[in-house]
Number of protein chains: 2
Amino acid sequence: MVTDLDETLAALADPTRRRIVELLRDGPRRPGELSAAFEISAPAISRHLRVLRRSGIVEERGVDSDARLRVYRLRPEPIVALQAWLDQVQAFWTDQLGAFKAHAERVSRENES
Amino acid sequence: MVTDLDETLAALADPTRRRIVELLRDGPRRPGELSAAFEISAPAISRHLRVLRRSGIVEERGVDSDARLRVYRLRPEPIVALQAWLDQVQAFWTDQLGAFKAHAERVSRENES
DNA sequence: CAAGTGCTTAACCAATGGGTTAATAATTGC
DNA sequence: GCAATTATTAACCCATTGGTTAAGCACTTG
């Protein structure tokens with residue numbers, strides 16, 4: 001729902017958060033599991049997760065069997081939205097090709113007549 | 001570890017810089033032209049351009065006719081690299097579908113025998 | 001119910017980042 | 001040569017950010 005480009009990019013601009021995303025790519029993980037994969041403290045991971053959560057890149061769920069546990073998983077929406085923006089920007093390349101073609105055409109037509 | 005991706009994302013995480021990128025989408029522009037499109041000062045724009053330049057998202061060129069002038073244009077490489085990373089992450093979705101199918105298959109096979 | 005577990009929040013600190021105005025640089029044109 | 005133009009760098013402020021340790025919360029378990 002919250003797919004603000006600003007928050008998405010700010011969230012992904014941090015290497016630790018990107019590594020978290022890469023870990024979550026392979027499936028849902030608990031904060032403790034993520035913590036174990038890094039050298040920084042658990043509170044630091046917790047705050048990274050909050051940033052990712054607020055940006056909508058991940059979502060948190062409780063675990064039925066043990067209410068102390070939480071599980072984080074990826075959400076596709078913000079990633080997709082970012083890809084859409086990049087596609088739209090990257091079209092500058094084809095646009096320039098198009099503009100060049102249009103220009104070439106115009107010139108050749110002028111030369112004919 | 002600070003990767004290229006890091007600088008690309010950090011550069012794009014700022015709304016002013018994203019708007020600059022969108023303006024450059026329509027063709028090369030001079031710093032002065034960009035400045036005119038914003039309400040912030042010229043030095044601020046200059047520094048945004050430096051960030052974009054260092055990340056490789058834009059490149060600077062001089063203008064032959066007047067050496068005081070400079071022109072900025074987009075470079076496709078960093079955008080493309082970022083898209084590649086996002087594609088690789090976004091595959092988590094199809095991967096999960098695959099994992100689900102594998103799981104369903106395993107279950108149904110157990111039920112047969 | 002007391003101790004332990006899993007995670008988040010609070011408080012603090014150093015570094016970074018984006019904005020400002022003033023100063024510099026380089027070049028042009030009268 | 002001197003004033004005007006175009007852009008960048010310097011110096012400074014304040015807000016934000018990422019890390020730390022200590023404290024707090026919500027459970028579970030012996």
Side-chain angles (χ1 to χ4, degrees), chain A residues 2 4-24 27-73, chain B residues 1-24 27-73:
Chain A
V2 180
D4 182 30
L5 223 51
D6 232 316
E7 294 204 11
T8 301
L9 284 160
L12 294 179
D14 181 277
T16 301
R17 286 194 290 267
R18 270 205 313 287
R19 235 178 99 199
I20 290 179
V21 166
E22 285 168 355
L23 288 175
L24 292 183
R29 292 285 184 272
R30 303 202 327 267
E33 299 180 271
L34 297 172
S35 260
F38 295 86
E39 286 169 5
I40 62 180
S41 65
I45 297 293
S46 185
R47 284 200 339 196
H48 281 306
L49 286 172
R50 181 165 62 192
V51 173
L52 287 168
R53 209 187 317 129
R54 281 225 249 263
S55 74
I57 294 175
V58 307
E59 69 177 354
E60 182 227 74
R61 280 188 199 173
V63 173
D64 297 346
S65 61
D66 188 336
R68 285 172 304 180
L69 306 184
R70 304 172 192 198
V71 164
Y72 283 84
R73 44 164 46 90
Chain B
M1 190 219 308
V2 173
T3 72
D4 286 356
L5 224 54
D6 237 308
E7 294 207 20
T8 301
L9 283 160
L12 293 179
D14 180 276
T16 301
R17 287 193 289 265
R18 271 204 313 286
R19 237 179 96 202
I20 290 178
V21 166
E22 286 169 354
L23 288 175
L24 292 183
R29 294 282 184 275
R30 297 186 297 108
E33 300 180 271
L34 296 172
S35 259
F38 295 86
E39 287 170 1
I40 62 180
S41 65
I45 297 293
S46 187
R47 284 200 339 193
H48 281 306
L49 286 172
R50 180 166 61 191
V51 172
L52 288 168
R53 208 187 317 128
R54 282 225 255 259
S55 74
I57 294 177
V58 307
E59 69 177 353
E60 181 230 75
R61 279 188 202 174
V63 173
D64 295 347
S65 62
D66 187 337
R68 286 173 304 179
L69 307 183
R70 302 172 192 199
V71 164
Y72 284 83
R73 44 166 43 92

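Letters A, B, ... mirror the listed sequences (proteins, then strands); counts begin at 1. The figures that follow rest on heavy atoms only: side chains count, while hydrogens, waters and symmetry mates do not.
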Length of the line joining [X]:[atom1] and [N]:[atom2], which is rounded to integer Å:
| X | N | atom1 | atom2 | value |
| --- | --- | --- | --- | --- |
| B/F38 | C/dG19 | CZ | C1' | 14 Å |
| A/D66 | C/dC7 | CG | P | 9 Å |
| A/H48 | D/dT17 | NE2 | P | 12 Å |
| B/R54 | D/dT9 | CZ | P | 9 Å |
| B/D14 | C/dG19 | CG | P | 6 Å |
| A/L49 | D/dG18 | CG | P | 13 Å |
| A/R68 | C/dG4 | CZ | P | 13 Å |
| A/R47 | C/dC7 | CZ | P | 18 Å |

Closest to the A/R70 side chain, choosing from D/dT8, C/dC7, D/dG19: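 The closest nucleotide is C/dC7.
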
Minimum-distance nucleotide to B/P43 side chain [options: D/dT20, C/dA22, D/dA7]: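 Shortest atom-to-atom distance from the side chain points to C/dA22.
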
Find out whether [X] and [Y] are in side-chain contact, i.e. whether some heavy atom of one side chain is under 4.5 Å from a heavy atom of the other.
| X | Y | answer |
| --- | --- | --- |
| B/L24 | B/L52 | no |
| A/E33 | A/L23 | no |
| B/L49 | B/L34 | yes |

Single hit among B/R29, B/R30, B/R53 for side chain to side chain donor-acceptor pair (under 3.5 Å) with B/Y72: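 Of all the options given, the one that passes is B/R53.
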
Sugar-phosphate only, base, or nothing, as touched by A/S35 at under 4.0 Å among non-hydrogen atoms: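 The answer is nothing, as A/S35 stays clear of every strand by at least 4.0 Å.
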
